[in-house]
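Notes follow once the structure below has been shown.
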Amino acid sequence: MSGRRWGAAAIAMAFVVASAAAPGAAAAQGLPAGGLLWYVDAMKIPAIHDADITGDGVTIAVFDAGVNLEVANLRDADIEIRQLDQCPDPTEEAATSFEALQHGTSVTSLIVGNGTSDSGTGPVGVAPNARILYYGALQDSCDGNAFPAAVADAIAQGADIVSMSGGSTRLADELSQPSADAVADALRAGVLVVAGLPNADSAWENELGKVNGVVNVASVDAAAQAAPRRDGSPMTNDDVDIVAPGVDMAGLGWDGTWGMSLWSGNSAAT
């Protein structure tokens, strides 16, 4: 196994172990101790980084919608936009188009964020030295061939991990043999495929959840309890493979600014 593959495996295993351990304390009400950056201590990120597991040498393909690469949090991050013929440019929206950009920007910030934002403190990335290949494959205007095309390109570009923390009813309706074959191609190439499970009350289905080999991710809170549904009951799912922090997380754009703001969901956990 090459050093690059070992690097990806080390990151994955470190996060599996840390995510499975319940944090020592959580606030009974409101935000957890540590505020929106509670996940940093809960996942023992400083110790992981101190052990030189920072994503260096690892390439992560992020499949999402629009992204704002001009935010302070992503300054100097190694991010390459991979343009798909099936989709518009994911960076073409104006910086004030928060609804179009907040999800992809927040997802990326939790991987390679530098801890800053327009309000000062910002999301801290779990793998700040990773190389990001960003695909706008989940934009509503993409055609049904975007996912297989993005996977094929990610493999060709040397991705170690494909991270897809969103979806749409369109993709679920059109999940086809080429999409399943794309996952199989990734696995044969040694690429880990990680996908967020749908949140409760989501309009979209988990289009990859039933495909063999895909790692399905759900979110937990600061007490390592399942994220709640709107009615307060646990948001459980029979297809969960791994859980990670995803409730009351640091994000960008959710309050109509590019300062740090709160968001929750299986996307954050992924």
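What you see is a predicted model, and the numbers here were worked out from it, not measured in a lab.
The backbone N or O of Asn216 sits less than 3.5 Å from a side-chain atom of Asp241, completing a donor-acceptor pair. Side-chain atoms of Asn114 come within 3.5 Å of backbone atoms of Ala72 as a donor-acceptor pair (strictly under, hydrogens ignored). Checked by atom type and distance alone, the side chain of Ser261 pairs as donor or acceptor with a backbone atom of Trp254 at under 3.5 Å. Without hydrogens or angle criteria, Ser119 side chain to Gly259 main chain gives no donor-acceptor distance under 3.5 Å. Although no hydrogens or angles enter the test, the distance criterion places no donor-acceptor pair under 3.5 Å between the side chain of Ser163 and the main chain of Val62. In this structure, the side chain of Tyr134 does not engage the main chain of Asp64 through any donor-acceptor pair within 3.5 Å. Side chain of Glu93 to main chain of Leu101: no donor-acceptor pair is present (N/O by atom type, distance under 3.5 Å, no hydrogens or angles).
Looking at residues two or more places apart in sequence or on another chain, you find a side chain to side chain contact (heavy atoms under 4.5 Å, CB included) between Asp41 and Pro46. Every side chain to side chain contact (heavy atoms under 4.5 Å, CB included) that Ala95 has, sequence neighbours left out, goes to Asn68, Trp258.
Atoms CD1 and CG, on Ile161 and Leu133 in that order, are 11.5 Å from each other to the nearest 0.5 Å. Taken from OG1 in Thr59 to CZ in Arg131, the straight-line distance is 4.5 Å, to the nearest 0.5 Å. Of the inter-residue distances, the one linking Asp153 atom CG with Tyr135 atom OH reads 3.5 Å to the nearest 0.5 angstrom.
Closest of all the heavy-atom pairs between Ala268 and Gly246 is CB-CA, 4.1 Å.
For the 3.5 Å distance criterion, the side chains of Asp56 and Thr54 fail to qualify, holding no donor opposite an acceptor.
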Could you give me the CA-CA distance, side-chain angles and deciding distance for Asp221 and Gln225, then say whether side-chain hydrogen bond (donor to acceptor under 3.5 Å, both in side chains) is met?
CA-CA 5 Å; Asp221 63 17; Gln225 299 300 305; 5.8 Å; no

